[in-house]
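Report on the structure given below.
Note that the structure is predicted; figures quoted are calculated from it, not measured. Labels below follow one simple rule: chain letters A, B, ... track the order of the sequence lines, proteins then strands, and each chain is numbered from 1.
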Protein chains: 2
Amino acid sequence: MSGTHSDVPSVVTAPLPDPVPRNEYEACPVTAAVRRVGDRWTLLVLSVLKGGPRRFNVLERSIEGISQRMLTRTLRSLESDGLVDRTVFATNPPSVEYALTAKGRGLLGALAGLAAWAMEHAEGE
Amino acid sequence: MSGTHSDVPSVVTAPLPDPVPRNEYEACPVTAAVRRVGDRWTLLVLSVLKGGPRRFNVLERSIEGISQRMLTRTLRSLESDGLVDRTVFATNPPSVEYALTAKGRGLLGALAGLAAWAMEHAEGE
DNA sequence: CCGTATCCATCCTGATACTG
DNA sequence: CAGTATCAGGATGGATACGG
(Lines give C-alpha, C1' and ligand atoms only; values in the text may rest on other atoms or scores of the structure.)
Protein backbone atom coordinates (compact mmCIF):
# COMPACT_ATOMS: atom_id res chain seq x y z
CA MET A 1 0.00 0.00 0.00
CA SER A 2 1.58 3.27 -1.11
CA GLY A 3 0.88 6.61 0.49
CA THR A 4 0.23 9.64 -1.64
CA HIS A 5 0.32 13.31 -0.72
CA SER A 6 1.37 16.60 -2.12
CA ASP A 7 4.06 17.85 0.23
CA VAL A 8 7.61 18.47 -0.76
CA PRO A 9 9.77 15.34 -0.80
CA SER A 10 12.01 15.37 2.24
CA VAL A 11 14.94 14.62 0.01
CA VAL A 12 14.71 18.12 -1.34
CA THR A 13 15.48 19.56 2.04
CA ALA A 14 17.75 16.84 3.36
CA PRO A 15 21.41 16.74 2.36
CA LEU A 16 22.82 13.57 0.85
CA PRO A 17 25.18 12.16 3.46
CA ASP A 18 25.70 8.98 1.45
CA PRO A 19 28.69 8.95 -0.88
CA VAL A 20 28.00 5.61 -2.53
CA PRO A 21 28.03 2.14 -1.10
CA ARG A 22 30.03 -0.74 -2.46
CA ASN A 23 29.14 -1.14 -6.10
CA GLU A 24 30.05 -4.66 -7.06
CA TYR A 25 28.09 -6.82 -4.70
CA GLU A 26 30.97 -9.24 -4.65
CA ALA A 27 32.71 -6.43 -2.82
CA CYS A 28 29.97 -6.28 -0.20
CA PRO A 29 30.92 -8.85 2.42
CA VAL A 30 27.45 -8.90 3.94
CA THR A 31 25.69 -9.67 0.69
CA ALA A 32 28.30 -12.28 -0.04
CA ALA A 33 27.73 -13.90 3.35
CA VAL A 34 23.97 -13.84 2.99
CA ARG A 35 24.17 -15.39 -0.44
CA ARG A 36 26.64 -17.96 0.80
CA VAL A 37 24.10 -19.21 3.28
CA GLY A 38 20.98 -18.44 1.28
CA ASP A 39 20.74 -21.47 -0.91
CA ARG A 40 18.30 -24.29 -0.54
CA TRP A 41 20.13 -26.63 1.86
CA THR A 42 23.13 -24.95 3.43
CA LEU A 43 21.48 -23.76 6.60
CA LEU A 44 19.75 -27.09 7.13
CA VAL A 45 23.03 -28.95 6.76
CA LEU A 46 24.84 -26.59 9.09
CA SER A 47 22.13 -26.83 11.69
CA VAL A 48 22.30 -30.62 11.71
CA LEU A 49 26.07 -30.51 11.98
CA LYS A 50 25.71 -28.17 14.91
CA GLY A 51 24.70 -31.25 16.91
CA GLY A 52 28.06 -32.87 16.23
CA PRO A 53 29.83 -34.75 13.43
CA ARG A 54 27.57 -36.68 11.10
CA ARG A 55 28.06 -39.19 8.33
CA PHE A 56 26.81 -38.60 4.82
CA ASN A 57 24.13 -41.20 5.22
CA VAL A 58 22.90 -39.68 8.47
CA LEU A 59 22.75 -36.21 7.00
CA GLU A 60 20.79 -37.54 4.07
CA ARG A 61 18.19 -39.11 6.30
CA SER A 62 18.11 -36.15 8.69
CA ILE A 63 17.22 -33.66 6.00
CA GLU A 64 13.99 -34.66 4.43
CA GLY A 65 13.77 -34.05 0.72
CA ILE A 66 17.48 -33.57 0.00
CA SER A 67 18.95 -35.62 -2.81
CA GLN A 68 22.38 -37.21 -2.79
CA ARG A 69 23.40 -34.81 -5.48
CA MET A 70 22.40 -31.70 -3.54
CA LEU A 71 23.83 -32.99 -0.30
CA THR A 72 27.15 -33.67 -1.99
CA ARG A 73 27.18 -30.27 -3.68
CA THR A 74 26.28 -28.48 -0.49
CA LEU A 75 28.89 -30.29 1.57
CA ARG A 76 31.64 -29.84 -1.02
CA SER A 77 30.90 -26.17 -1.21
CA LEU A 78 30.89 -25.79 2.55
CA GLU A 79 34.14 -27.69 2.72
CA SER A 80 35.82 -25.52 0.12
CA ASP A 81 34.85 -22.48 2.13
CA GLY A 82 36.30 -23.94 5.29
CA LEU A 83 32.97 -24.17 7.05
CA VAL A 84 32.94 -27.94 7.43
CA ASP A 85 35.62 -30.63 7.62
CA ARG A 86 35.40 -33.84 5.69
CA THR A 87 37.02 -36.97 7.06
CA VAL A 88 37.19 -40.26 5.20
CA PHE A 89 37.44 -43.49 7.17
CA ALA A 90 38.97 -46.48 5.43
CA THR A 91 36.28 -48.87 6.56
CA ASN A 92 34.35 -51.24 4.37
CA PRO A 93 32.03 -50.01 3.16
CA PRO A 94 33.66 -46.60 3.36
CA SER A 95 32.25 -43.96 5.66
CA VAL A 96 32.72 -40.22 5.52
CA GLU A 97 32.14 -37.90 8.39
CA TYR A 98 31.39 -34.20 8.25
CA ALA A 99 31.84 -31.74 11.08
CA LEU A 100 31.61 -28.01 11.58
CA THR A 101 34.86 -26.11 11.68
CA ALA A 102 35.42 -23.24 14.10
CA LYS A 103 34.63 -20.92 11.22
CA GLY A 104 31.40 -22.76 10.60
CA ARG A 105 30.41 -22.46 14.23
CA GLY A 106 31.27 -18.79 14.09
CA LEU A 107 29.00 -18.32 11.13
CA LEU A 108 26.10 -20.02 12.87
CA GLY A 109 26.69 -17.83 15.90
CA ALA A 110 26.74 -14.73 13.74
CA LEU A 111 23.31 -15.68 12.44
CA ALA A 112 21.75 -15.56 15.89
CA GLY A 113 20.47 -12.02 15.50
CA LEU A 114 18.88 -12.71 12.17
CA ALA A 115 17.41 -15.93 13.51
CA ALA A 116 15.75 -14.05 16.35
CA TRP A 117 14.35 -11.49 13.95
CA ALA A 118 13.11 -14.24 11.65
CA MET A 119 11.29 -16.08 14.44
CA GLU A 120 9.69 -12.86 15.54
CA HIS A 121 8.31 -12.14 12.09
CA ALA A 122 7.45 -15.68 11.06
CA GLU A 123 3.76 -14.89 10.71
CA GLY A 124 3.44 -16.06 14.26
CA GLU A 125 4.12 -13.82 17.25
CA MET B 1 41.33 -30.34 1.79
CA SER B 2 39.90 -33.56 3.22
CA GLY B 3 41.47 -35.43 6.08
CA THR B 4 41.83 -39.19 5.93
CA HIS B 5 42.51 -41.65 8.69
CA SER B 6 41.49 -45.06 9.89
CA ASP B 7 39.96 -44.48 13.31
CA VAL B 8 36.40 -45.22 14.16
CA PRO B 9 33.92 -42.55 13.12
CA SER B 10 32.90 -40.59 16.17
CA VAL B 11 29.30 -40.96 15.16
CA VAL B 12 29.55 -44.61 16.09
CA THR B 13 30.24 -43.72 19.67
CA ALA B 14 28.23 -40.51 19.94
CA PRO B 15 24.49 -40.63 20.48
CA LEU B 16 22.20 -38.77 18.07
CA PRO B 17 20.70 -35.91 20.05
CA ASP B 18 19.11 -34.45 16.95
CA PRO B 19 15.54 -35.46 16.19
CA VAL B 20 15.23 -33.78 12.81
CA PRO B 21 15.23 -30.10 11.92
CA ARG B 22 12.56 -28.32 9.93
CA ASN B 23 12.12 -30.13 6.67
CA GLU B 24 10.43 -27.71 4.30
CA TYR B 25 12.73 -24.76 4.14
CA GLU B 26 9.74 -22.50 3.78
CA ALA B 27 9.08 -23.61 7.33
CA CYS B 28 12.54 -22.50 8.44
CA PRO B 29 12.26 -18.82 9.27
CA VAL B 30 16.01 -18.31 9.20
CA THR B 31 16.44 -19.68 5.72
CA ALA B 32 13.47 -17.66 4.60
CA ALA B 33 14.98 -14.50 6.04
CA VAL B 34 18.36 -15.16 4.51
CA ARG B 35 16.81 -15.77 1.13
CA ARG B 36 14.68 -12.68 1.48
CA VAL B 37 17.77 -10.57 1.77
CA GLY B 38 20.06 -12.69 -0.36
CA ASP B 39 19.20 -11.48 -3.81
CA ARG B 40 21.29 -9.27 -5.97
CA TRP B 41 20.25 -5.77 -4.85
CA THR B 42 18.14 -5.90 -1.70
CA LEU B 43 20.92 -5.30 0.80
CA LEU B 44 22.37 -2.49 -1.27
CA VAL B 45 19.01 -0.76 -1.46
CA LEU B 46 18.35 -1.18 2.24
CA SER B 47 21.77 0.14 3.14
CA VAL B 48 21.24 3.28 1.08
CA LEU B 49 17.82 3.81 2.64
CA LYS B 50 19.42 3.47 6.04
CA GLY B 51 20.74 6.98 5.47
CA GLY B 52 17.21 8.32 5.20
CA PRO B 53 14.41 8.55 2.62
CA ARG B 54 15.55 8.55 -0.99
CA ARG B 55 13.89 9.12 -4.31
CA PHE B 56 13.90 6.54 -7.06
CA ASN B 57 16.27 8.56 -9.11
CA VAL B 58 18.71 8.97 -6.24
CA LEU B 59 18.65 5.29 -5.47
CA GLU B 60 19.35 4.50 -9.08
CA ARG B 61 22.39 6.71 -9.16
CA SER B 62 23.57 5.60 -5.72
CA ILE B 63 23.71 1.97 -6.67
CA GLU B 64 26.05 1.52 -9.55
CA GLY B 65 25.04 -1.08 -12.05
CA ILE B 66 21.40 -1.43 -11.07
CA SER B 67 18.84 -1.13 -13.84
CA GLN B 68 15.49 0.60 -13.54
CA ARG B 69 13.85 -2.75 -13.87
CA MET B 70 15.76 -4.34 -11.02
CA LEU B 71 15.43 -1.30 -8.80
CA THR B 72 11.68 -1.29 -9.30
CA ARG B 73 11.41 -5.01 -8.68
CA THR B 74 13.53 -4.81 -5.55
CA LEU B 75 11.62 -1.86 -4.15
CA ARG B 76 8.21 -3.35 -4.91
CA SER B 77 9.20 -6.56 -3.23
CA LEU B 78 10.54 -4.75 -0.18
CA GLU B 79 7.37 -2.70 -0.02
CA SER B 80 5.12 -5.72 -0.19
CA ASP B 81 7.03 -7.24 2.71
CA GLY B 82 6.62 -4.09 4.76
CA LEU B 83 10.31 -3.31 4.82
CA VAL B 84 10.10 -0.01 2.98
CA ASP B 85 7.42 2.62 2.52
CA ARG B 86 6.65 4.18 -0.84
CA THR B 87 5.31 7.71 -1.03
CA VAL B 88 4.21 9.39 -4.24
CA PHE B 89 4.37 13.16 -4.49
CA ALA B 90 2.09 14.84 -7.00
CA THR B 91 4.79 17.10 -8.36
CA ASN B 92 5.59 17.63 -11.99
CA PRO B 93 7.44 15.65 -13.00
CA PRO B 94 6.30 13.14 -10.38
CA SER B 95 8.63 12.05 -7.65
CA VAL B 96 8.49 8.97 -5.46
CA GLU B 97 10.23 8.60 -2.19
CA TYR B 98 11.23 5.40 -0.46
CA ALA B 99 12.01 5.00 3.21
CA LEU B 100 12.78 2.19 5.61
CA THR B 101 9.96 1.08 7.86
CA ALA B 102 10.54 0.13 11.49
CA LYS B 103 10.51 -3.47 10.35
CA GLY B 104 13.14 -2.68 7.76
CA ARG B 105 15.35 -1.02 10.34
CA GLY B 106 14.84 -4.02 12.58
CA LEU B 107 15.99 -6.33 9.83
CA LEU B 108 19.12 -4.30 9.22
CA GLY B 109 19.83 -4.33 12.92
CA ALA B 110 19.36 -8.08 13.06
CA LEU B 111 22.02 -8.43 10.39
CA ALA B 112 24.66 -6.75 12.51
CA GLY B 113 26.12 -10.02 13.76
CA LEU B 114 26.39 -11.49 10.31
CA ALA B 115 27.84 -8.25 9.01
CA ALA B 116 30.57 -8.36 11.64
CA TRP B 117 31.35 -11.96 10.78
CA ALA B 118 31.41 -11.13 7.09
CA MET B 119 33.85 -8.25 7.51
CA GLU B 120 36.09 -10.44 9.62
CA HIS B 121 36.28 -13.12 6.96
CA ALA B 122 36.31 -10.90 3.89
CA GLU B 123 39.76 -12.10 2.80
CA GLY B 124 41.06 -9.23 4.83
CA GLU B 125 41.74 -9.37 8.56
C1' DC C 1 10.97 11.25 -13.37
C1' DC C 2 9.41 6.81 -12.66
C1' DG C 3 8.43 3.32 -14.21
C1' DT C 4 6.67 -1.29 -17.76
C1' DA C 5 7.27 -4.74 -21.41
C1' DT C 6 10.15 -8.05 -23.84
C1' DC C 7 13.57 -11.03 -24.64
C1' DC C 8 17.48 -13.74 -23.37
C1' DA C 9 21.44 -15.91 -20.72
C1' DT C 10 22.54 -18.08 -16.57
C1' DC C 11 22.04 -20.22 -12.18
C1' DC C 12 19.78 -23.22 -9.09
C1' DT C 13 17.46 -27.21 -8.10
C1' DG C 14 15.30 -31.66 -8.71
C1' DA C 15 14.69 -36.32 -10.86
C1' DT C 16 16.78 -40.26 -12.26
C1' DA C 17 20.18 -43.60 -13.16
C1' DC C 18 24.62 -45.58 -12.41
C1' DT C 19 29.27 -46.91 -9.66
C1' DG C 20 33.82 -47.93 -6.70
C1' DC D 1 28.01 -46.23 1.78
C1' DA D 2 29.05 -42.33 -0.59
C1' DG D 3 29.09 -40.58 -4.16
C1' DT D 4 28.95 -39.07 -9.95
C1' DA D 5 26.59 -38.21 -14.57
C1' DT D 6 23.04 -36.42 -17.20
C1' DC D 7 18.99 -33.99 -18.31
C1' DA D 8 15.34 -30.73 -17.66
C1' DG D 9 12.44 -27.05 -15.40
C1' DG D 10 11.91 -22.84 -13.08
C1' DA D 11 13.75 -18.79 -10.94
C1' DT D 12 16.92 -14.98 -11.25
C1' DG D 13 19.19 -11.27 -13.38
C1' DG D 14 20.66 -8.27 -17.29
C1' DA D 15 19.85 -5.50 -21.78
C1' DT D 16 17.04 -2.82 -24.24
C1' DA D 17 13.16 -0.24 -25.69
C1' DC D 18 9.01 2.18 -24.78
C1' DG D 19 5.33 5.10 -22.02
C1' DG D 20 2.47 8.33 -18.62
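Atoms CD (B:Q68) and C1' (C:dT4) sit 10 Å apart, rounded to a whole Å. Put simply, CD on B:E60 is 10 Å from P on C:dG3, counting in whole angstrom units. Protein atom CG of B:L71 is 8 Å distant from nucleotide atom P of C:dG3, rounded to whole Å. If you take CG of B:L75 and P of C:dT4, they are 10 Å apart, rounded to a whole angstrom. What separates CZ of B:F56 from P of D:dG19 is a distance of 18 Å, to the nearest Å. Residue B:F89 contributes atom CZ, which lies 17 Å from atom C1' of C:dG3 at whole-angstrom precision. Straight-line distance from the CZ atom of B:R61 to the C1' atom of C:dC2: 13 Å, rounded to whole Å.
B:R73 comes within 4.0 angstrom of nothing in the nucleic acid, heavy atoms only. Using a 4.0 Å heavy-atom cutoff across all strands shown, B:S67 reaches no nucleic acid atom at all.
Here A:Y98 does not reach the OP1 or OP2 of D:dC1: none of its side-chain N or O atoms lies under 4.0 Å away. Phosphate proximity of D:dG14 to B:W41: present, with a side-chain N or O under 4.0 Å from OP1 or OP2. When the side-chain nitrogen and oxygen atoms of B:R54 are compared with OP1 and OP2 of C:dC2, none of them lie within a distance under 4.0 Å. Applying the 4.0 Å criterion to OP1 and OP2 of C:dA17, one finds that A:R69 has every side-chain N and O outside that range.
Of the two residues near DNA chain C, A:I66 and A:P93, the one whose nearest nucleotide lies more 5' is A:I66.
Among the nucleotides C:dG14, C:dC1, C:dG20, the one closest to the side chain of A:M70 is C:dG14. Among the nucleotides D:dG20, C:dG3, D:dC1, the one closest to any side-chain atom of A:P94 is D:dC1. Picking from C:dC2, D:dG3, C:dT13 the nucleotide with the shortest atom distance to the side chain of A:R86 gives D:dG3. Distance from the side chain of B:S95 is smallest for C:dC1 among the nucleotides D:dG3, C:dC1, D:dC1. Here the nucleotide nearest the side chain of B:R40, chosen from C:dC2, C:dT4, D:dG14, is D:dG14. Distance from the side chain of B:R35 is smallest to C:dT13 among C:dT13, D:dC1, C:dG3. Comparing atom distances between the A:N57 side chain and each of C:dG3, C:dT13, D:dC1 picks out D:dC1 as nearest.
Side-chain contact check for B:S77 and B:R36: at least one donor-acceptor pair (N or O, by modelled atom type) lies under 3.5 Å. Side chains of A:Y98 and A:R54: a donor-acceptor N/O pair is absent below 3.5 angstrom, by distance only.
Separation of atoms CZ (A:R35) and CG (B:D39) is listed at 7.0 Å; rounding is to 0.5 Å.
A donor-acceptor pair is defined here as one N or O able to donate and one able to accept, closer than 3.5 Å; no such pair exists between the side chain of B:T42 and the backbone of B:V37. A donor-acceptor contact shorter than 3.5 Å links the side chain of A:T101 to the backbone of A:L83.
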